[in-house]
Amino acid sequence: MTSQVKTHRTQAERSERTRELLLDATIDCLVDLGYSGASVHEICRRAGVSRGAQQHHFATKAELMTSALRHLFGKLNEEIAEVDLPAGKNATDKITTGIDVLWDKYSGTLSTAAMELWVAARTDAELREALLPVDRELGHATLERYRATGDMADTLVLLTVNLTRGLALDAMLGGDPARREKLLAEWKRIAVQVFGSRSAN
């Protein structure tokens, strides 16, 4: 009995490990090769698994892509949850740190992978249908994180996420880093001015 349970758990762990390898390889392919280059064959090659193993976990490419994005969202939300935002009632520190966290987590790998999928989803109805709920999950989880701490108003969080997406796209296109820093600093100034008194109350 004990041996059977142990074997079952080992199989389950192996299955979960295969799934995680596929999801991580999918994100890597999206970042390195773009959506068009992220073939299932290349994803399986990078993950070190067979095509049959991939099909066992994900029936379609759209399912694999959106599952990978959800996987990445989950990791980033865990990282956001681990960040200690400033305690007390210093509204300026709360807002500027909150914006820095959102910029740090929602740019880079997340932005690149998500942008590749959203561009492809414009003309791929199956991918678009699968992607929409994942994007909503990310927004909801982010809002809940900041609501729980009372650090930033919903409007401020959503504005910052959308600004971050634009700045991340600018970075992908080779925009000036100094200009991005200046724009981010200006947004912090505006945010503190507009939302600071609300956060302090």
Q: Which is it for Arg46 and Glu42 under the salt bridge (Lys or Arg N to Asp or Glu O under 4.0 Å) test, yes or no, and what are the steps along the way?
A: CA-CA 6 Å; Arg46 291 192 180 203; Glu42 176 62 17; 2.9 Å; yes

Q: Identify the residue among Arg165, Arg128, Arg70 that makes a salt bridge (charged side-chain N to carboxylate O under 4.0 Å, His left out) with Asp135.
A: Arg165

Q: Give a yes or no on whether the backbone of Leu64 and the side-chain of Ser67 come within a donor-acceptor separation of less than 3.5 Å.
A: no

Q: Which pair of non-hydrogen atoms, one from Ala121 and one from Leu127, has the smallest distance, and what is that distance?
A: N-CD2, 3.8 Å

Q: Which residue in the set Thr97, Ile99, Thr92 passes side chain to side chain contact (heavy atoms under 4.5 Å, CB included) when paired with Ile95?
A: Ile99

Q: Quick one, Arg17 and Leu21 - any side-chain contact, counting heavy atoms below 4.5 Å?
A: yes

Q: With heavy-atom distances below 4.5 Å as the criterion, would you say the side chains of Leu159 and Trp187 are in contact?
A: yes

Q: Show your reasoning for whether side-chain contact (heavy atoms from CB on, under 4.5 Å) applies to His57 and Ser15.
A: CA-CA 9 Å; His57 288 281; Ser15 178; 3.0 Å; yes

Q: Hey, what do you get for CG (Asn162) to CG (Leu102), rounding to the nearest 0.5 Å?
A: 11.0 Å

Q: Which pairs with one or both residues in residues 167-181 pass side chain to side chain donor-acceptor pair (under 3.5 Å), sequence neighbours excluded?
A: Asp170-Arg179, Asp170-Arg180

Q: Are the side chains of Glu144 and His140 in contact, using a 4.5 Å heavy-atom criterion?
A: yes

Q: Tell me the closest heavy-atom pair linking Ala113 and Leu69, and the distance in Å.
A: CB-CD1, 4.2 Å

Q: Less than 4.5 Å apart, any side-chain heavy atom of Leu158 and any of Leu143?
A: yes

Q: Taking CD in Gln55 as the centre, count heavy atoms belonging to other residues, nucleotides or ligands within less than 6.0 Å. Is the count above 12?
A: yes

Q: Evaluate the salt bridge (Lys or Arg N to Asp or Glu O under 4.0 Å) criterion for residues Lys75 and Asp24: first the C-alpha distance (whole Å), next the side-chain angles of each, then the deciding distance (0.1 Å), finally the verdict.
A: CA-CA 11 Å; Lys75 285 185 174 181; Asp24 287 339; 3.2 Å; yes

Q: Indicate, with yes or no, if Leu163 and Leu138 share a hydrophobic cluster defined by side-chain heavy-atom contacts under 4.5 Å among Ile, Leu, Val, Met, Phe, Trp and Tyr.
A: yes

Q: Checking the side chain of Thr18 only, and the main-chain atoms of Arg14 only, is there a donor and an acceptor separated by less than 3.5 Å?
A: yes

Q: Is it the case that the side chain of Glu63 and the backbone of Ala59 share a donor-acceptor pair, with hydrogens and angles ignored and the cut-off at 3.5 Å?
A: yes

Q: Using a 4.5 Å cut-off on heavy atoms from C-beta on, say whether the side chain of Thr160 contacts that of Trp103.
A: no

Q: For Leu22 and Ile43, work out which heavy atoms get closest and say how close.
A: O-CG2, 3.9 Å

Q: Heavy atoms only: give me the nearest Ser111-Ala168 pair and the separation to one decimal.
A: OG-CB, 2.9 Å

Q: Can you confirm whether Tyr106 sits close enough to Val101 that some side-chain heavy atom of one is under 4.5 Å from a side-chain heavy atom of the other?
A: no

Q: Output the distance between atom CG (Leu23) and atom CG (Asp28), rounded to the nearest 0.5 Å.
A: 11.0 Å

Q: Go through the steps for Met172 and Met115 under the test side-chain contact (heavy atoms from CB on, under 4.5 Å), then give the verdict.
A: CA-CA 10 Å; Met172 280 187 273; Met115 191 66 67; 3.8 Å; yes

Q: Applying a strict under-4.5 Å side-chain criterion to I, L, V, M, F, W and Y, I'd like to know whether Leu131 and Leu169 cluster together.
A: no

Q: Does the ring of Tyr35 carry Lys61 above it, NZ/CZ under 6.0 angstrom from centre and within 45° of its axis?
A: yes

Q: With a 4.5 Å cut-off on side-chain heavy atoms, are Leu167 and Leu184 touching?
A: yes

Q: Would Met65 and Glu116 satisfy side-chain contact (heavy atoms from CB on, under 4.5 Å), going step by step from the backbone distance to the final call?
A: CA-CA 10 Å; Met65 291 290 170; Glu116 287 291 334; over 6 Å; no

Q: Find out if a path of hydrophobic residues (ILVMFWY) with successive side-chain heavy-atom gaps under 4.5 Å connects Phe73 to Val161.
A: yes

Q: Rounded to the nearest 0.5 Å, what's the gap from CG on Leu183 to CD on Glu186? Could you check?
A: 8.0 Å

Q: Hey, does the side chain of Gln54 reach the backbone of Phe58 with a donor-acceptor pair shorter than 3.5 angstrom?
A: yes

Q: In this structure, would Leu33 and Ile27 fall into the same cluster of hydrophobic residues linked by side-chain contacts under 4.5 Å?
A: no

Q: Let me see the working for Leu30 and Leu117 under side-chain contact (heavy atoms from CB on, under 4.5 Å), right down to the final yes or no.
A: CA-CA 8 Å; Leu30 284 170; Leu117 290 179; 4.0 Å; yes

Q: Do Glu126 and Thr60 come within less than 4.5 Å of each other through their side chains, counting heavy atoms only?
A: yes

